[in-house]
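Down below is the structure, laid out as structure tokens.
The figures that follow rest on heavy atoms only: side chains count, while hydrogens, waters and symmetry mates do not. For ligands, and for the atoms within them, numbers begin at 1 and follow the listed sequence.
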Amino acid sequence: MINHRGPEFAAMLARILDGMKPFFGTTRDVAMLTCAGSGGLEAAIVNTLSPGDRVLGVSIGSFGDRFAKIAGIYGADVTKVAVEWGQAADPAAIRDALLANPGYKAVLLTHNETSTGVMNPIGDLAAAIREASPDSLILVDSVSGLGAVPFEMDAWGVDVVVTGSQKAWMAAPGLAMIAASDRGWAATETARMPRFYLDIRTHRESAAAGQTPFTPAIAVVYQVDEGLRLMQAEGRDGIFARHEACAAASRAGLQALGFELFADPRFASKTVTAARLPDGHDWKVFNGAIKSHGVVLAGGQGKLTGKIFRLGHLGSVTVDEILGAIAVLERVSIEQGRRIEAGLAVGAAQAAALAIQTGGASGTGSAGPGATAGTPSEPAAAVPA
Ligand SMILES: Cc1ncc(COP(=O)(O)O)c(C=O)c1O
């Protein structure tokens with residue numbers, strides 16, 4: 001460890017806070033907190049809101065539920081819009097909800113709903129919110145999205161965005177990064193929810209002096225610093241194209257294996273893919289066999305337990321690793337008696353990834369040759385929480 005009140009730490013902190021800004025799509029200040037992503041969500045709430053504030057909690061899955069729950073626990077008057085799991089939030093529906101019932105202080109959105117593998121169209125949602133309710137703060141949980149896909153906080157008019165070190169930043173859990181717009185920072189001055197450790201004003205003050213107000217998770221700070229270095233070497237377009245290619249390979253491979261994808265294909269996540277377990281398919285038996293080949297899948301959460309499984313492709317992950325995972329899924333499926341032609345799923349996954357990596361598929365338009373250049377060589381942590 002180094003002295004977290006010394007010059008090496010100050011340099012590292014500045015590199016991280018500045019280096020993250022392009023990924024947030026902001027020129028405003030970012031704060032780094034030592035806590036899990038959920039601590040970052042709590043910080044978004046307590047720094048901008050007061051007890052009794054009316055809040056619209058738009059939930060498309062279990063992490064949207066969590067965000068709304070935190071606001072409620074601190075005394076916000078939360079109205080929930082619960083979207084069917086597997087679907088994204090509809091900008092027109094959110095606009096109508098705001099127009100029908102004006103006066104919401106904030107709207108809570110989840111960017112990438114890790115529990116269902118759905119990515120919300122934050123730009124479109126923010127535009128609808130701005131149109132219907134210009135004064136509402138827009139608070140976004142992008143714990144499992146930011147850094148892996150484009151995000152334009154300033155251009156979209158988003159007020160607070162939260163991310164976590166263990167996701168796109170390729171580090172261990174332990175840090176949450178939070179950015180706020182001018183309006184978001186102004187809200188921190190009037191918010192009356194109790195806060196001490198998570199008060200981002202003290203974090204901003206300390207950061208100006210090259211420090212954090214409390215002892216940070218220094219080991220994780222090193223990792224995020226290195227993760228960012230790798231990300232800057234790869235470039236944003238390269239990172240985004242790699243995630244897109246991994247997602248396309250995952251979807252094509254799983255579909256070729258006969259699994260029905262869970263998410264509405266228009267809003268399929270670029271960082272985690274969820275697929276339904278066929279009737280009679282025992283998750284524990286299936287997962288046990290997959291695990292014995294060294295691939296860690298995640299099961300369903302909450303009401304989706306035993307009904308879906310999830311393949312993570314976020315952060316330190318390459319197309320080759322996804323192809324390996326699909327090969328394992330293929331082998332186990334065949335061993336468990338499903339009628340599948342060996343090699344078909346891996347071929348489909350490979351073709352889907354190549355179409356993006358060679359610029360031949362529709363996507364963000366950021367794909368191009370060499371999309372995986374500079375990709376870290378460490379094994380993938382393909383495990384959504
Ligand atoms: C979308 C989303 N929000 C919030 C969290 C909570 O983060 P943590 O588990 O670090 O508290 C997660 C974790 O996976 C997540 O995926």
(message) Can you confirm whether R28 sits close enough to D182 that some side-chain heavy atom of one is under 4.5 Å from a side-chain heavy atom of the other?
(response) yes

Closer than 4.0 Å to some heavy atom of [X] - which atoms of ligand 1 meet that?
X: K167; value: 13 (C), 14 (O)
X: S144; value: 1 (C), 16 (O)
X: N112; value: 1 (C)
X: G37; value: 7 (O), 8 (P), 10 (O), 11 (O)
X: S38; value: 6 (C), 7 (O), 8 (P), 11 (O)

(request) Give the minimum heavy-atom separation between F67 and D141, together with the two atoms involved. (result)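 It is CE2-N, 3.8 Å.
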
For the 3.5 Å polar cut-off, considering only N or O atoms, please tell me whether [X] and ligand 1 meet it.
X: D141; value: yes
X: Q166; value: yes
X: T114; value: yes
X: L41; value: no

Treating [X] as the side-chain partner and [Y] as the backbone partner, does any N or O pair qualify as donor plus acceptor under 3.5 Å?
X: Q223; Y: A172; answer: yes
X: S250; Y: C246; answer: yes
X: R204; Y: D29; answer: no
X: N120; Y: I122; answer: no

(request) Could you tell me whether R66 approaches ligand 1 through its side chain, its backbone, both or neither, with non-hydrogen atoms closer than 4.0 Å? (result) side chain

(message) I need the contact type for H111 against ligand 1. Using non-hydrogen atoms and a strict under-4.0 Å cut-off, is it side chain, backbone, both or neither?
(response)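 Under 4.0 Å from ligand 1, H111 contributes no heavy atoms.
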
(request) Measure up the F286 and F259 rings against each other and bin them: parallel (under 30°), tilted (30 to 60°), perpendicular (over 60°). (result) tilted

(message) Looking at F262, I'd like to know if the NZ or CZ of R276 sits under 6.0 Å from its six-membered ring centre while staying within 45 degrees of the ring's axis.
(response) no

